[in-house]
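See structure below.
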There are 12 protein chains.
Amino acid sequence: MNDHIYKKVEITGSSTESSDDAIRNAIKKASESIKHINWFEVVETRGHIEDGEISHWQVSLKIGFRLE
Amino acid sequence: MNDHIYKKVEITGSSTESSDDAIRNAIKKASESIKHINWFEVVETRGHIEDGEISHWQVSLKIGFRLE
Amino acid sequence: MNDHIYKKVEITGSSTESSDDAIRNAIKKASESIKHINWFEVVETRGHIEDGEISHWQVSLKIGFRLE
Amino acid sequence: MNDHIYKKVEITGSSTESSDDAIRNAIKKASESIKHINWFEVVETRGHIEDGEISHWQVSLKIGFRLE
Amino acid sequence: MNDHIYKKVEITGSSTESSDDAIRNAIKKASESIKHINWFEVVETRGHIEDGEISHWQVSLKIGFRLE
Amino acid sequence: MNDHIYKKVEITGSSTESSDDAIRNAIKKASESIKHINWFEVVETRGHIEDGEISHWQVSLKIGFRLE
Amino acid sequence: MNDHIYKKVEITGSSTESSDDAIRNAIKKASESIKHINWFEVVETRGHIEDGEISHWQVSLKIGFRLE
Amino acid sequence: MNDHIYKKVEITGSSTESSDDAIRNAIKKASESIKHINWFEVVETRGHIEDGEISHWQVSLKIGFRLE
Amino acid sequence: MNDHIYKKVEITGSSTESSDDAIRNAIKKASESIKHINWFEVVETRGHIEDGEISHWQVSLKIGFRLE
Amino acid sequence: MNDHIYKKVEITGSSTESSDDAIRNAIKKASESIKHINWFEVVETRGHIEDGEISHWQVSLKIGFRLE
Amino acid sequence: MNDHIYKKVEITGSSTESSDDAIRNAIKKASESIKHINWFEVVETRGHIEDGEISHWQVSLKIGFRLE
Amino acid sequence: MNDHIYKKVEITGSSTESSDDAIRNAIKKASESIKHINWFEVVETRGHIEDGEISHWQVSLKIGFRLE
């Protein structure tokens, strides 16, 4: 049987809406250029604040994809 | 006065909807067999991706409960 | 050009609704007394459980603000 | 010769007296239901404060025991 | 579709032969009493030494299994 | 129901007697100027040594208190 | 004298045989498309289990290579 | 003999010149409002980049000072 | 408004002069092939020693850049 | 003015009495052969258990001493 | 009963064969000059790569030995 | 071919001038008594402050050297 090899890259997504949305945005963008994305792992959650409100949620994640 | 003792176990919940839902699902399942659950601590957030979309959010958490 | 100096303080917000809401509540409260809040970093997500349901989400975060 | 297998569980003991006592209480309670406890490792020390005094020391520890 | 919930437990296997064998021994022992074991994660590798030789490899790992 | 917000500050207490005393001293001092202190978490335990004896135990802890 | 610059990428190799083999497989695959690979650092060792046996060892590693 | 109590606060200094200067700037600014600063511990070094050049070094540090 | 997505890559720069120079060299090299580099975070500082002198400072950093 | 250089070594002390005593025993033993010991930092607290009681407290600490 | 004191030193072994062999080589070498070595703990696994093959496995470990 | 074994020791250098100088001072001092020093890794950067100025930079590093 074959032994798959995976690569992980770290990306940071942002969203004005929610932390989950920042993750979804990052994955949507990454999947435009990367095939076979398999999983993600959240590395860090942070955000920018303007006038006492969160203007951007920013979530760093690692995404893993199979090398062909 | 009495000194309570707690135990922590690590569980991983999953959800097709959101990271918070994965946590709620894990706690709901755990409370079927464990009494006196008191608190949880998130350990890791990750998920599976299919065709560029998150198919499952997976959150690992520790839950603490009082030993009788 | 001038070199800004920032201070970080750690706060814990809570919410009965969601983890994101606990963050928003913490920032709203902090911005009542702190000016120039610039960013936040999530440190820990946890919560209280009552009768198998999450009664309070509790998120600890560091907020950074510019010193005048 | 035989190869032993151990299991670790995480418990939190509390005491009104001292941090060491919180550890002893946790181990005493655990040994009521677990046989062959061999060692412990302190994971976290914290406590509750009331009126400027420590009302409870709380120490989380992992205890390791031999599986039969 | 259904949302699986997993539990993780930490065990320590030992072997006189190799680090990989300590892992295999731990999993073999755990699978005697736990069904649906799905994955493992190595937490720590250590061992005992006698007369300048490794007498036991000891590997701590978390194993994850599906709750029914 | 209301959602409390907490702040954490890091302090270092010292004692010539014991590690627990260094914690008690830090909390006693902090409670002179901070109201509603709720809990503490030990961050680091260290100390000074003179002539082969511990001259000061020094324990760093975070204390959490409710913001009014 | 010249100052080399290196880049690190994170990959996950798998093997049905052993943890060392998962590392070798990852490096063999990576060296098909990356030149000047110089070193690796193990980040995480885990694996899949089927019927109480390890079906795949999975090792995540960082590999460093010189940029031309 | 008396037992001193210290407080630590986390600040981030910046500089267009060097990482050490970012630390010096942070301490100079902090000492305008805090007396008895005794030591610092570097927490994180990062910076902003514009057009391939470092425009600002940013160093986060904890500073410790004696409470009176 | 639009939500930017960033990618982070880890590089190691070296210099015979200083730790700051190793960072500058890494960024200069990376900016030859990567556009829109925005920030860096130091991950590790180390170096080679020959005859009791530092022959090379080596600093690993993550650099973040905006994906177009 | 002169610039002191320090060395740190890691030792593990044990005691049948308490965690603080394990630290004191380690320092007393180390000071038999090392001069100018200046400070210690606790690295890990653990212990052996026999028949549900702590038979030995074991504390690992780093001790720092000035090189002459 | 007597309270043993242990010292830990960190060594790095290498091997052209396997990660386990790098550990064995480190211990064999250390035991030439150190008596009463009791245990080891793996700290880091890495290696050198030449022409897409692992030329050396390098494993850093702490070894603990009883002080007489 | 032969398999080298290395030892790491942790030292803390200080300097009134800069963080890099504290590292250089530590290595210069260590090389008086240790042969074959090969590399260093920075563990912690801190310092003493007097009257709002850094009086001493203190950098802890591990140095690795080949055992003969």
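Order of the sequence lines sets the chain letters (A, B, ...), proteins ahead of strands, with each chain counted from 1.
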Original post:
Where do D/Arg24 and J/Glu17 come nearest, in terms of heavy atoms and distance?
Top reply: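 The pair with the smallest heavy-atom distance is NH2-O, 3.2 Å.
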Subject >> Heavy-atom pair of closest approach, residues J/Arg46 and D/Phe40 >> reply: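 Scanning both residues completely, I find the closest heavy atoms to be CB-O, 2.9 Å.
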Could you list the donor-acceptor pairs under 3.5 angstrom formed by side chains in residues 26-35 of chain D, with sequence neighbours left out?
from    : atom 1 : to      : atom 2 : distance (Å)
D/Lys29 : NZ     : B/Glu68 : O      : 2.6
D/Ser31 : OG     : D/Ile27 : O      : 3.2
D/Ser31 : OG     : D/Lys28 : O      : 2.9

If you measure from [atom1] on [X] to [atom2] on [Y], what distance do you get to the nearest 0.5 Å?
X	Y	atom1	atom2	value
J/Ser19	D/Asp20	OG	CG	3.5 Å
D/His36	J/Glu50	NE2	CD	13.5 Å
D/Ile37	J/Asp51	CD1	CG	10.5 Å
J/Thr45	D/Ile23	OG1	CD1	7.0 Å

**OP:** Could you list the residues that satisfy ring-ring contact (aromatic ring centres under 6.0 Å, His included) with J/Phe65, not counting sequence neighbours?
**Re:**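 J/Phe65: no ring-ring contact (aromatic ring centres under 6.0 Å, His included) contacts found.
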Subject >> Exam field: side chain D/Asn38 to backbone J/His48, donor-acceptor pair closer than 3.5 Å >> reply: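 Pair absent, no side-chain N/O of D/Asn38 close to backbone of J/His48.
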Original post:
Within a reach of under 6.0 Å around CD of J/Glu53, are more than 12 heavy atoms found that belong to other residues, nucleotides or ligands?
Top reply: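 Incorrect, the count does not exceed 12.
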